[in-house]
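Notes follow once the structure below has been shown.
By convention here, the first residue in the shown sequence is residue 1.
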Amino acid sequence: MELSSSTFAPRGEIPVRHTCEGDDIAPPLQWRGVPEQAASLVLIVDDPDAPDPAAPRMTWVHWVLYDIPPTATGLPEGGRPLPAGAREGLNDWGRHDYGGPCPPVGRHRYFFKLYALDRLLPALARPTKAAVEQAMRGHVLAQAELIGTFQTHRP
């Protein structure tokens, strides 16, 4: 599978529009090569460089989407509308939506990870990244990754 965005190149800078310094809306995403036997897709966006890339202590979760239909070929800018049937999990702000890059210091990497699964996920009480990853264990058919970077422009 391949995952891309029309607004930033692989390992390129994520535009301010898609960060807390801009409109804080999801970048458009496109994908291709989903296996025919896929029953659903999962998208997880996270930052393994939090809070400081020089001394990372955690991975900050920006967005969790699951049960995306395998017929979907991407998401529009802003992430809305979601494909029919897609569900949102909780990000590390405790919200069910996209939260853009907002690093306190340094240039961070943001991993957009797409997984093709051989099933829909069961009902999840608190659909965090950890819960979704646990539920999809053993059911991943293929995966793709797109990495973008961002460094705050605030003084």
> Regarding Gln30 and Ser5, is there a side-chain donor-to-acceptor distance under 3.5 Å anywhere?
Replying inline: no
> Partners of Tyr66 by ring pair (Phe, Tyr, Trp, His ring centres under 6.0 Å), sequence neighbours excluded?
Replying inline: none
> Which atoms form the tightest heavy-atom contact between Ala72 and Pro83, and what is the distance?
Replying inline: CB-CG, 4.0 Å
>> Show the nearest heavy-atom pair for residues His153 and Glu13, with the distance to one decimal.
In response: CE1-OE2, 3.4 Å
>> Is any side-chain heavy atom of Pro10 closer than 4.5 Å to one of Leu146?
In response: yes
> Is Phe150 linked to Val45 within one hydrophobic cluster, defined over Ile, Leu, Val, Met, Phe, Trp and Tyr using a side-chain heavy-atom separation of less than 4.5 Å?
Replying inline: yes
> Can you tell me how far NZ of Lys129 sits from CG of Asp92, rounded to the nearest 0.5 angstrom?
Replying inline: 8.5 Å
>> So Thr152 and Glu21, do their side chains get closer than 4.5 Å, heavy atoms only?
In response: yes
>> Below 30° counts as parallel, above 60° as perpendicular, anything between as tilted: where do the rings of His108 and Tyr110 land?
In response: parallel
>> Is the shortest side-chain heavy-atom distance between Phe112 and Ile147 below 4.5 Å?
In response: no
>> Could you measure the distance from the CG atom of Leu141 to the OG atom of Ser40? Nearest 0.5 Å is fine.
In response: 9.0 Å
> Would Leu82 end up clustered with Leu43 when hydrophobic side chains under 4.5 Å apart are linked, directly or stepwise?
Replying inline: yes
> Which heavy atom in Asp118 sits nearest to a heavy atom in His139, and how many Å separate them?
Replying inline: OD1-ND1, 2.8 Å
>> Checking Leu90 against Val64 for the side-chain contact (heavy atoms from CB on, under 4.5 Å) test, could you report, in this order, the C-alpha distance in whole Å, the side-chain angles of both residues, the deciding distance, and whether it holds?
In response: CA-CA 6 Å; Leu90 292 171; Val64 178; over 6 Å; no
> Leu124 and Tyr115: same hydrophobic cluster, using ILVMFWY side-chain contacts below 4.5 Å?
Replying inline: yes
>> In the structure I gave you, are the side-chain heavy atoms of Arg57 and Pro51 within less than 4.5 Å of one another anywhere?
In response: yes
> Taking atom CE of Met136 and atom CG of Leu41, what is their separation to the nearest 0.5 Å?
Replying inline: 10.5 Å
> Is any side-chain heavy atom of Pro35 less than 4.5 Å from a side-chain heavy atom of Pro70?
Replying inline: no
>> Does Asp24 form a side-chain contact (heavy atoms from CB on, under 4.5 Å) with Tyr98? I'd like the steps, not just the answer.
In response: CA-CA 8 Å; Asp24 206 18; Tyr98 171 84; 4.2 Å; yes
>> Hydrophobic clusters here meaning ILVMFWY residues chained together by side-chain heavy-atom distances under 4.5 Å, can you tell me if Trp31 and Ile14 are in one?
In response: yes
> Nearest 0.5 Å, what's the NE2-OG1 distance between His62 and Thr19?
Replying inline: 10.5 Å
>> Would the distance check show the side chain of Asp49 and the main-chain N or O of Arg109 forming a donor-acceptor pair, the cut-off being under 3.5 Å?
In response: yes
> Taking 4.0 angstrom as the limit, do Lys113 and Asp46 come out as a salt bridge?
Replying inline: yes
>> Taking CZ in Arg95 as the centre, count heavy atoms belonging to other residues, nucleotides or ligands within less than 6.0 Å. Is the count above 12?
In response: yes
> Yes or no on side-chain contact (heavy atoms from CB on, under 4.5 Å) for His18 and Glu77, after CA distance, side-chain angles and deciding distance?
Replying inline: CA-CA 9 Å; His18 305 295; Glu77 183 175 60; 3.1 Å; yes
>> Suppose the criterion is disulfide (SG to SG under 2.5 Å): which pairs have a residue in residues 7-57, not counting sequence neighbours?
In response: Cys20-Cys102
> Is the backbone N or O of Ala144 less than 3.5 Å from a side-chain atom of Glu2, with the two atoms forming a donor-acceptor pair by type?
Replying inline: no
> Using the benzene-type ring in the case of Trp, are the ring centres of Trp93 and Trp63 under 6.0 Å apart?
Replying inline: no
> Say you draw a straight line from CZ of Arg17 to OG1 of Thr7; how long is it, rounded to the nearest 0.5 Å?
Replying inline: 9.5 Å
> Do you reckon Val42 sits in the same ILVMFWY cluster as Val61, going by side-chain contacts under 4.5 Å, direct or chained?
Replying inline: yes
> Would you say His96 and Pro127 make side-chain contact, with heavy atoms under 4.5 Å?
Replying inline: yes
> How long is the span from the CD atom in Glu88 to the CG atom in Asp67, to the nearest 0.5 Å?
Replying inline: 12.5 Å
